[in-house]
Amino acid sequence: MPKAKGKSRRHKYSYNLNRKRLYRSARRRAAPRIACSHIRHAWDPHKSVAQNLAEMGLAEDPNKAIPIPKKLLGMEVESDTQQPGKKLVRKPYVVNEMELEASLPEKKSNTLSRDLIDYVRYMIQNHGENYKEMARDEKNYYQDTPKQIKRKINVYKNFYPEEYKNFIASLKPEKMEVQ
């Protein structure tokens, strides 16, 4: 079956096409991506970014919100001491919710995989503190060196100190029975 007539021809680059204008207009139409959920819920898509932020009591430009005083020859020149038009904050709950969220203590997100925890516990249970013997163990699938195994055990100790202490305490009675 023959090819379509225009397919075999080489496509030429059009130098006269203004691609910046096309990209800019497509970007302007897209809605802004808002990360904070409090701002997202209070956002009005029919208003500009500056109007939305002003209603929430947030600054669009931090340089204009808190101006830096200019110094001339060691003397301060006071500019904009009185604010000409203080904007009305219609949605103060947004800032209050953000401050409340920021004041909460941060959760520790340090976790280890279940496989790594099982691996470390198996090595400690069978070999104690002998890292060279751990490196020769058949369960050492990744062929970790003694130093790598020691590092993994130390990470486990730092992430779960209480669990590690309880685990070591449970091992001591077993070793006394074996002897």
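FYI, side chains are in, hydrogens and waters are out, and symmetry mates aren't considered; it's all heavy atoms of this structure.
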J.: Show your reasoning for whether side chain to side chain contact (heavy atoms under 4.5 Å, CB included) applies to I149 and Y119.
T.: CA-CA 10 Å; I149 295 171; Y119 171 76; 3.6 Å; yes
J.: Is there a donor-acceptor contact under 3.5 Å linking the side chains of E162 and Y160?
T.: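 No pair is found: no donor N or O on one side chain lies under 3.5 Å from an acceptor on the other.
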J.: What distance separates R90 CZ from D44 CG, expressed to the nearest 0.5 Å?
T.: 10.5 Å
J.: Would E101 and H38 satisfy side chain to side chain contact (heavy atoms under 4.5 Å, CB included), going step by step from the backbone distance to the final call?
T.: CA-CA 10 Å; E101 188 178 324; H38 307 297; 2.6 Å; yes
J.: Side chains of residues 56-66: which donor-acceptor pairs under 3.5 Å do they make with residues two or more places apart or in other chains?
T.:
from : atom 1 : to  : atom 2 : distance (Å)
D61  : OD1    : N63 : N      : 3.3

J.: List for me each residue that meets salt bridge (Lys or Arg N to Asp or Glu O under 4.0 Å) alongside D118, sequence neighbours excluded, and say none if there are none.
T.: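 Partners of D118 by the salt bridge (Lys or Arg N to Asp or Glu O under 4.0 Å) criterion, ordered by chain and then number, come out as R114.
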J.: Can you tell me how far NZ of K132 sits from CG of N130, rounded to the nearest 0.5 angstrom?
T.: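 Going from the CG atom of N130 to the NZ atom of K132 covers 8.5 Å.
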J.: Stepwise, does the side chain to side chain contact (heavy atoms under 4.5 Å, CB included) test hold for L112 with Y156?
T.: CA-CA 8 Å; L112 296 176; Y156 175 69; 4.2 Å; yes
J.: Taking atom CG of D144 and atom NZ of K139, what is their separation to the nearest 0.5 Å?
T.: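 The CG atom of D144 sits 14.5 Å away from the NZ atom of K139.
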J.: Measure across N52 and K47 and return the closest heavy-atom pair with its distance rounded to 0.1 Å.
T.: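 Closest heavy-atom pair between N52 and K47: ND2-O, 3.4 Å.
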J.: Kindly write out the residues that satisfy salt bridge (Lys or Arg N to Asp or Glu O under 4.0 Å) with R40, not counting sequence neighbours, or none if the list is empty.
T.: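 Not a single residue meets the salt bridge (Lys or Arg N to Asp or Glu O under 4.0 Å) criterion with R40.
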J.: Please check: side-chain N/O of K150 versus main-chain N/O of Y131, any donor-acceptor pairing under 3.5 Å?
T.: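 Checking the backbone N and O of Y131 against the side chain of K150, no donor-acceptor pair under 3.5 Å is found.
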J.: Taking I39 as the starting point, is it possible to reach L100 by hopping between hydrophobic residues whose side chains are less than 4.5 Å apart?
T.: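 No, because L100 and I39 fall into different hydrophobic clusters, even though each may have its own neighbours under 4.5 Å.
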J.: For the backbone of R136 and the side chain of N140, can you confirm whether one donor and one acceptor N or O come within less than 3.5 Å of each other?
T.: no
J.: Only one of T145, I153, V120 clears side-chain contact (heavy atoms from CB on, under 4.5 Å) with M134; which?
T.: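 Exactly one candidate clears the test, I153.
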J.: What are the two closest heavy atoms between C36 and M98, and how far apart are they?
T.: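 Scanning both residues, the minimum pair turns out to be SG-CG, 4.0 Å.
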J.: How long is the gap from CD on Q125 to CZ on F167, to the nearest 0.5 Å?
T.: 5.0 Å
J.: Roughly how far apart are D115 CG and Y141 OH, rounded to 0.5 Å?
T.: 10.5 Å
J.: Mind checking the CD1-CZ spacing from I168 to R121? Nearest 0.5 Å is all I need.
T.: 9.0 Å
J.: Could you give me the CA-CA distance, side-chain angles and deciding distance for F159 and N154, then say whether side chain to side chain contact (heavy atoms under 4.5 Å, CB included) is met?
T.: CA-CA 9 Å; F159 279 19; N154 286 335; over 6 Å; no
